[in-house]
There are 2 protein chains.
Amino acid sequence: MDNELAELLGKYKLSKTEPRLKVLSILRSRESAISQPELENLIGGEIDRVTLYRTLTKFDEKGIIHKVLDLNGTANYALCNSSCSEDTHNDEHVHFNCTTCLNMYCLEALQIPHLVMPVNFVPHNVNFIVYGVCEKCTLKANKYIESKNKT
Amino acid sequence: MDNELAELLGKYKLSKTEPRLKVLSILRSRESAISQPELENLIGGEIDRVTLYRTLTKFDEKGIIHKVLDLNGTANYALCNSSCSEDTHNDEHVHFNCTTCLNMYCLEALQIPHLVMPVNFVPHNVNFIVYGVCEKCTLKANKYIESKNKT
DNA sequence: TTAAAAATTGCAACATAGTTGCAATTTACT
DNA sequence: AGTAAATTGCAACTATGTTGCAATTTTTAA
Ligand SMILES: [Mn+2]
Ligand SMILES: [Mn+2]
Ligand SMILES: [Zn+2]
Ligand SMILES: [Zn+2]
């Protein structure tokens, strides 16, 4: 068991359980967000679907992770690396959803621009998603085109 | 049968059928977007669920309507009032999803700001959703507070 | 106007994401 | 160690969306 992750759970006053540590370790190992179905593929044999849902929901509430819906409306999750808490989420960055590999990227460098709402429309939080082709898939496609041109 | 709507279908080279006219007339009558489930409640007795899905998908492809996912990941649809076509959608406006009444509003006055993507991330389209409390629900809440203060 | 071709519909069955209640187990607390 | 509190796993369920196919409707063209 990973001590660093156990401490993270402690910091948020959550009991240290196997499912939670497992989920955290997977989330930490990824550079892009991950969906419940993907997680289920990875650890579905060891951990119940429902536990997965409840774990992710709790993490989201506590501000350990944040949730983004992909182009199919499926929930994807990524660790909050900024300092988020139960009260305030600091995840106002743009997300990039690749239409080829379906990966969801947190573009932490891109802050969501602030907009003035119409009168009496009171905003709580915002969501900026860009759909397109990600770096990996773009480079893969470029390589393919190059190889075709050579022949 | 509404002639204006029949003409709209003609313009997009779609055959004039009852389900399509019905869906269009509902969409036209609304000031905010509507979800498939809501539509099903309204006309589920007359039109099959599957037909509804296929109608909405086709309209979306043709550029008659556009689709926005709400906070539950459910698809909502609204008429495109800008001139959209199969090739180019001109719906780059902000959407507002009320967390109280769940209504999805097209804020056509608010254009989505343009952002520069990281190298090799190729954007195709963008999605800017603001979650919060809409005009109607805000005013309702204000009235309630006023009435409490009077007593 | 009528007949054939093409498109659309309705039905049944299925797929996937997510939820709820409850008893059994695990974790935290003293 | 013993108890209270939290979490887990199971079963059953709900909701949104999809697919194949035969029957019906709409379009096209004679
Ligand atoms: Mn993110
Ligand atoms: Mn809109
Ligand atoms: Zn990709
Ligand atoms: Zn509202």
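Small disclaimer: the values here were computed from a predicted structure and weren't measured.
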How bent is the helix from C:dT1-D:dA30 to C:dT30-D:dA1, measuring the angle between the end axes built from five pairs each, rounded to 10°? 40°
Who else is in A:Phe128's hydrophobic cluster (ILVMFWY, side-chain heavy atoms under 4.5 Å, direct or via others)?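 A:Val94, A:Phe96, A:Tyr105, A:Leu107, A:Leu110, A:Ile112, A:Leu115, A:Met117, A:Phe121, A:Val126, A:Val130, B:Val94, B:Phe96, B:Tyr105, B:Leu107, B:Leu110, B:Ile112, B:Leu115, B:Met117, B:Phe121, B:Val126, B:Phe128, B:Val130, which link up through side-chain heavy atoms under 4.5 Å apart, make up the rest of the cluster.
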Other than A:Tyr131, which residues form its hydrophobic cluster under the rule that side-chain heavy atoms must be closer than 4.5 Å?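 Noted: A:Tyr131 shares its cluster with A:Val68, A:Leu71, A:Leu102, A:Met104, A:Ile129.
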Take B:Val50 and A:Lys58, find for each the nucleotide of DNA chain D with the closest heavy atom, and name the residue whose nucleotide sits nearer the 5' end.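 The answer here is A:Lys58.
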Could you pick out which residue, A:Ser15 or B:Tyr53, lies toward the 5' side of DNA chain D when each is mapped onto its nearest nucleotide? A:Ser15
Partner set under side chain to side chain contact (heavy atoms under 4.5 Å, CB included) for [X], not counting sequence neighbours:
X        : value
B:His114 : none
A:Leu8   : A:Tyr12, A:Leu24, A:Ile64
B:Lys16  : B:Ala6, B:Leu9
A:Arg28  : A:Asp2, A:Glu4, A:Leu5, A:Leu79

With sequence neighbours left out, which residue pairs that include part of residues 112-137 of chain A fulfil the salt bridge (charged side-chain N to carboxylate O under 4.0 Å, His left out) condition? A:Glu31-A:Lys136
For [X] and [N], what is the distance between atoms [atom1] and [atom2] respectively, to the nearest whole Å?
X        : N      : atom1 : atom2 : result
B:Asp48  : D:dT19 : CG    : C1'   : 13 Å
B:Leu102 : D:dT16 : CG    : C1'   : 15 Å
B:Arg54  : D:dT19 : CZ    : C1'   : 8 Å

Chain A on DNA chain C: first and last contacting nucleotide, 5' to 3', under 4.0 Å to a heavy atom? C:dA17 to C:dA28
A:Cys106 side chain reached by A:His66 side chain, heavy atoms, under 4.5 Å: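 Counting from C-beta outward, A:His66 and A:Cys106 do come under 4.5 Å.
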Side-chain heavy-atom pair A:Leu56, A:Asp60 within 4.5 angstrom cut-off: no
Listed in order of residue number, which residues of residues 31-47 of chain A have a non-hydrogen atom at under 4.0 Å from DNA chain C?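 Close to the strand are A:Gln36, A:Pro37.
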Judged by each residue's nearest nucleotide on DNA chain C, which is more toward the 5′ side, B:Pro19 or B:Asn72? B:Pro19
Restricting to pairs with a member in residues 41-52 of chain B, which pass side chain to side chain donor-acceptor pair (under 3.5 Å), not counting sequence neighbours?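 Found B:Lys22-B:Glu46, B:Glu40-B:Arg49.
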Partners passing salt bridge (Lys or Arg N to Asp or Glu O under 4.0 Å) against B:Glu18 (at least two apart in sequence or in another chain):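 In terms of salt bridge (Lys or Arg N to Asp or Glu O under 4.0 Å), with neighbours along the sequence ignored, B:Glu18 is linked to no residue.
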Any base atoms under 4.0 Å from B:Arg49, or only sugar-phosphate, or nothing? Heavy atoms, all strands.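 The answer is base, as B:Arg49 lies within the cut-off (heavy atoms under 4.0 Å) of a base atom.
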